[in-house]
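The structure displayed is predicted, hence computed values, not measured ones. What you see below is based on every heavy atom in this structure, not just the backbone, and it leaves out hydrogens, waters and symmetry mates. For reference, positions follow the sequence shown, starting with 1.
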Amino acid sequence: MIEVDTTSTLMPTRSIHARAPRGPEVLEAELVDRQPDVLHAHAEDAAHFAGGHADGVAKPRTEQEVAHLLRHATRVLPVGAQSSLTGGATPDGGLVLSTARLVSIQESGQHHFRVGSGVPLTTLQELLHRQGRWYAPSPTYTGAFAGGVVATNAAGAATFKYGTTRQWTDGLTVVLACGHVLDLTRGETEAGPTEGFELTCDCGTRTIHPGTYVMPDVPKCSAGYFAAPRMDLIDLFIGAEGTLGVVTEVVFRVLPEPPAVAWALVPVGSESATIALVDAIRRASQDTWRTRDPHGLDVSAIEHVDRRCLEILREDGIDRKNDITIPLDADVMLLVQLELPKETTPELAFQQVSSALSDESTDGPLVRFCRLLHAHGALDDTEMAWPGDRRRVEQFLAFRESAPAGVNRRVGDAKRDHDARIEKTAADMIVPFEHFGAMLAMYREGYRARGLDYAIWGHISDGNVHPNVIPRSYADIVAGREAILEFGREVAILGGCPLAEHGVGRSSVKQALLRQLYGDVGLNQMRAIRATLDPRGVLAPGVLF
């Protein structure tokens, strides 16, 4: 992963004062909508948890309106795009607080933008693109809202190079459950070695003690409240899933003009060959970042779909629809995102690839990539999408995204045709890459021992893939949950995290994984943090715990 400079010239303090909210006072009747169609539209998130319901929906425009709602409500669920895959944005009564109208965007210095929590990342990226800039760690679903990606410490395919949301968030405005507002700037507020943080507002003074549990040392972790010695207070709210306060504004760090990007769809004949190839690509890219070699291989993401996924893609005609050949002997297909100098044209890229093996005097990222593929016996069937070829890139991306879509559709069919209790049953775990092969073997052995049909895809460059059960009965769901808990214990032993992306939400399995990871002591420390910041239990009840 590239190093992100998060240093600050500020002298940190462990104390912070929460101010009064800005804006005119409002009446609750002006904020809360109780029309049945509006309630229905907000009754579930992308996880499609059954039974979602709300008493009202509010779409505040200012922090004063957010504060008013928190002071007067008894149960509030903050939501953004409701793209959660864990049920964390599915209401269970009370008030839904949608951030959809918190959509301000303003430049905040050369390398930062301050955005409202309701701004979709697509909107931010389009604005940045017009100015020759970009936000690097965008998650797979770019329709997610800024506040939502902060709430879950969202991470995408390019985490391998760019890290997660945490590394690119330098400021937050957070409305606390008491209605007061924290303005957080990275580097300003640091926990004391034993004293924690001291928070004051008109309600009094509170001490927040960070957890003493040890978080997994892996690139992705969305597993409860962040904890580390002398941690920055801003990190407590990143990944807290809306349980500690409502984020109204985010300060993101942005980069200059993005590089040119070529994409490669690489069939590989076996899982062991796949791991060896990915390991070589990872090492070469990390060498490039370290040495800043202008000719070095620079891969930001590698996606993985396994043989069962490929069978589904064939069954659904996705290969034919997108003009992609799936070799019959392919056990895995990789989608590689290769960054190139921004002046690279399709013609130049094609020329470099054509001469990669025939002309030893040529050099560059594409040349080295082709030579590496050739050394691993993977070049002949590789298909490329050149920089600027949007149609071909979209076909590659559609091919990859059709794997989870195909599995999810089969889960839905089983639910409709066999048992209404059937639901998506999947893991989202990460290990240090040197243990990735062991994790895959564990998945396959665990599912096969239970007689389950399954498919695996995900972000192999991070050591993070998603094994999914393809159910034929509700018994498969029960067995799949049992397998996931077993996987979680083993992943933790390997130094990994059983909750890499998406958060914990209301998922009973993910909440069980959280308890497995940190134990009752760790969960009790998290509960104490939550009770300190939200003693009435107003925010997101049922989420995390």
* Asked: Would you say the side-chain atoms of Tyr225 and Thr243 include a donor-acceptor pair closer than 3.5 Å?
  -> yes

* To do: Using the side-chain contact (heavy atoms from CB on, under 4.5 Å) rule, take Glu249 and Leu102 through it: C-alpha gap first, then chi angles, then the decisive distance, then the call.
  => CA-CA 8 Å; Glu249 288 187 325; Leu102 298 170; over 6 Å; no

* **Glu486 atom CD: more than 12 heavy-atom contacts under 6.0 Å** => yes

* If we ignore angles and hydrogens, is there a donor and acceptor under 3.5 Å between the side chains of His502 and Thr86? -> no

* Glu241 vs Arg506, salt bridge (Lys or Arg N to Asp or Glu O under 4.0 Å): CA-CA, chis, key distance, verdict -> CA-CA 11 Å; Glu241 302 191 40; Arg506 298 189 190 281; over 6 Å; no

* Thr164 versus Asn153, side-chain donor and acceptor atoms under 3.5 Å -> yes

* Check the side chains of Trp289 and Asp298 for a donor-acceptor pair under 3.5 angstrom, ignoring hydrogens and angles. => yes

* Which atom of Leu544 lies closest to which atom of Gly224, heavy atoms considered -> CD2-CA, 4.2 Å

* Asked: Where the side chain of Arg14 meets the backbone of Glu195, is there a donor-acceptor pair that is under 3.5 Å apart?
  -> yes

* With no hydrogens and no angle check, do the side chains of Asp45 and Thr90 hold a donor and an acceptor under 3.5 Å apart? -> yes

* Asked: Looking only at side chains, do His112 and Glu107 share a donor and an acceptor under 3.5 Å apart?
  -> no

* Under 3.5 Å side-chain donor-acceptor pair for Glu501 and His466 -> yes

* To do: Decide if atom CZ of Arg283 counts as having more than 12 heavy atoms of other residues, nucleotides or ligands within a radius under 6.0 Å.
  => no

* Asked: What do you reckon, are the aromatic ring centroids of Phe252 and Phe113 less than 6.0 Å apart?
  -> no

* For the pair Tyr518 and Tyr213, name the ring-plane relationship: parallel under 30°, tilted 30 to 60°, perpendicular over 60°. => tilted

